[in-house]
Amino acid sequence: MKASSTKRTIALALAAALAGSVSISMNVAAHAATVDLKMVAADYPGDGKTQQAQWDALSAAFHAANPGITMTVNVVSWDTIDDKVKTLIATGQTPDIVNKGDYSAPAAAGLLYKASEMVSASTLADIIPTFLNNSKYNGTAYAVPDLASARALFFNKDILTKAGITKLPTTWGELYSVLTTIKKKVPGVYPYALPLGPEEAQAEFSIWAGGNGGRLYDYTTGKWTLNSKANVEASTFIKKLVDNKLTEPNPAKCDRTACAQTLFAAGKAAFINGSVFLGSWLKANGGDKLNVGTGSFVHNTGQKAVTLGVQDYFTAYKANGHQAEIQKFMDFLYQPANYAAFLKAAGGFIPATKSAGAVAAKDPALAPFIALLPNAIFYPGDIATWNAVKGAIQQSVGLISSNPTKTLADLQAKAEAAKG
Amino acid sequence: MGAGEKSSAPISMVVLMRRKQLIHVSSKKSSLNKSRFGALPWIAPVIVMIVVMVLYPAYEMIRTSFHDVDQTGFMKKWNGLTNYRVLFKNPDLIPVMTRTLLWVVVIVLATVLISLPVAQILHSKFPGRKFVRYAIIVPWAASVVMTATSWRWILDSFYGILNTLCLDLHIIKEPIDWLGNTTQSFIWLMVVAVFVSVPFTAYVILAGLTTVPEDILEAATVDGATGFQRYRTIIFPLLRPALLVSTVINLINVFNSFPIIWVITGGGPGYATDTTTTLAYKLSFRDQNIGASASMATINFMIILLFIMAFLKVSKWKEASE
């Protein structure tokens, strides 16, 4: 009796499984006429909402104009997008388009379409040359820049007034004395918010090093220079700020968004190294009543003032062979109206196209940042091991606040050993 | 302990004998139900699940650890022990391994020590016992990520409720950054891990307590044994199977614990609060070295296997299955 009922169960299960597979194969047949494009996009801060709505609207408009192509955009937080994309690729679910902060590793692995295959010649011609130049691997552009940001020294005007400071510091020495004054005269406030936590430690480190003439990578020798004399000097200065309690305590665990920017938004920090979007971020995160000013970031005496330019990218993967469809979508995205909607949802960044750049140059919030760009240093994003080195820096560079020389020497060793 | 074991020997033998009878009866029953496939139709789904969800990924992991994998996740070629060599050269490995040992030993010990009295309280009869029992399940039932996130904000130096509490009670004068220095934050991580492990352990011990025969306890009371004597010579020895199970399961859980560390400190600053589990993740997703990460994961897997083998040996599985 038992055996026969088991048999019956197995037969039933088999029948169900068969029926299932038939319906699956029918589904496949029904979809064969259209192409499904899949995109994974990082979520820019915008006005506090996710960008999913903007991408969904754009996808719908694109599908209406191109009925043969459906577009699915998956918006992922900056924290997890690298892990997500890597997992998708490793498990054979490579997306067609990715929008995030790097491109060199997949370019080196030969996974990407060239920029000239991703967009039409006219769209490519509209991209600002500096940004396109930063999208190259071995001389060929493998990514199309989506937007860029530059950094400035943001300050809380009310705190400065309270401390009686009238002149904005431009050098390290001036900054040091200004911070000391604030510490004395305005208790309960951290003079400088220093985000050396993993989220964006590479940015904070790069801009301080840059202000001392230090770089992460030397293009003439083709070597990493993380523990160069200039970088160690800059780190030692940062340590001095920390040791004298001119920053928040334990900067190595202070992430940019949850810690430093939040302190600044709450009026608990006087200065912060902020990106172009910080203004709109503050408005959406409780800092709307803040009286904020910006100036160029501080540098060491005898060195040039620099800003850190950061650009992000669209990359297109060859895995699914959708080159023609990708190009259609990318051209659609770069049409001025659609691109403006993208920039608006992203929240106050510097555009990557000449046409949108001309409009942005008249925007009083953006103009000062665009003016800073000629002095911008960029990450060595075109080096294949950049992603690994960036990861190592994010992880450990916070330790310069206790031991600059050893931290940078360890990082240098790691960078040299990183594999492409 | 030695004296306790001696005097408890007859009792535990009685229990063992009873158990053997039970096993005997149940095995007779199951032999009646034997069909051509034995128990296969019933355990097949589990076997399929184990093969697909455990064995295959484990095989892939070990295979990856012997291959050259590029940053984007593509496997290139066999490269022998290179990944392991790279891993062993990592200056952070030895400190992380030492810390992992400390992590496992301290948490498991503390968990068991706290769970014993907790289980005893849950076992005694008092009004509202049901409510208390439910309340203790909560940290266990809640997602660990959720619990860890709550703790992260409880301990936050700027907005944390612990600081507010201590300031209001005038225990401290100014806010403390509880996760500020490495040692302190590692201790807090262990506290949270114990907090999460106690409910399960207490319940396993509670289940053990319910198997302690009332009549023996009564007899002991009649013979004039004090409460402590009863606990030491009767209850505790009978709890050994429950303690063994909960200890081994805790060993494995605590060793594999990822979310608590990841959410609260991210293993940082640097690698100062990492265990081998979070290090494996960082090797892959920060250093972009998937091969070395797979080697680390394989070593972790081997350590877990050792735990399980030790467990099976201690619980004498061979004898039981005969």
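Residue numbering restarts at 1 for every chain, and letters A, B, ... go by the order of the sequence lines.
Looking at A/Gln395, its side chain never comes within 3.5 Å of a backbone N or O of B/Asp287 through a donor-acceptor pair.
Proximity to chain B (any heavy atom under 4.5 Å) is restricted, for A/Leu111, to the side chain, taken from C-beta onward. Only the side chain of A/Lys414 has a heavy atom closer than 4.5 Å to any heavy atom of chain B. The contact between A/Asn387 and chain B is made by backbone and side chain atoms together, counting heavy-atom distances below 4.5 Å. In this structure, the portion of B/Ile290 lying under 4.5 Å from any heavy atom of chain A is its side chain and not its backbone. If you measure heavy-atom distances from A/Tyr317 to chain B, you find no contacts under 4.5 Å at all. Looking at B/Lys282, only its side chain comes within 4.5 Å of chain A, counting heavy atoms on both sides.
A/Lys253 and B/Gly180 get closest at one heavy-atom pair: CD-CA, 4.4 Å. Nearest approach of A/Leu399 to B/Gly270, heavy atoms of both residues: CD1-CA, 3.9 Å. When every heavy atom of A/Ala384 is checked against every heavy atom of B/Gln71, the shortest pair comes out as O-NE2, 2.8 Å.
Of the residues considered (A/Val389, A/Val397, A/Asn250), A/Asn250 shows the highest number of contacts with chain B, using heavy-atom pairs under 4.5 Å.
With values rounded to the nearest 0.5 angstrom, B/Asp156 atom CG is found 8.0 Å from A/Cys259 atom SG. A/Ile393 CD1 to B/Arg286 CZ: the interatomic distance, rounded to the nearest 0.5 Å, is 13.0 Å.
Side-chain contact between A/Leu263 and B/Phe158 is present, with heavy atoms from C-beta onward closer than 4.5 Å.
By the 6.0 Å contact criterion, OH on B/Tyr159 is enclosed, its count of non-hydrogen atoms from other residues, nucleotides or ligands being greater than 12. In B/Ile43, the CD1 atom is crowded: over 12 heavy atoms of neighbouring residues, nucleotides or ligands sit closer than 6.0 Å.
For residues 86-100 of chain A, the interface with chain B (any heavy-atom pair closer than 4.5 Å) comprises A/Lys86, A/Thr87, A/Ile89, A/Ala90, sorted by residue number.
The side-chain contact (heavy atoms from CB on, under 4.5 Å) search around A/Ser206 returns A/Leu216, A/Leu308, A/Tyr379, not counting sequence neighbours.
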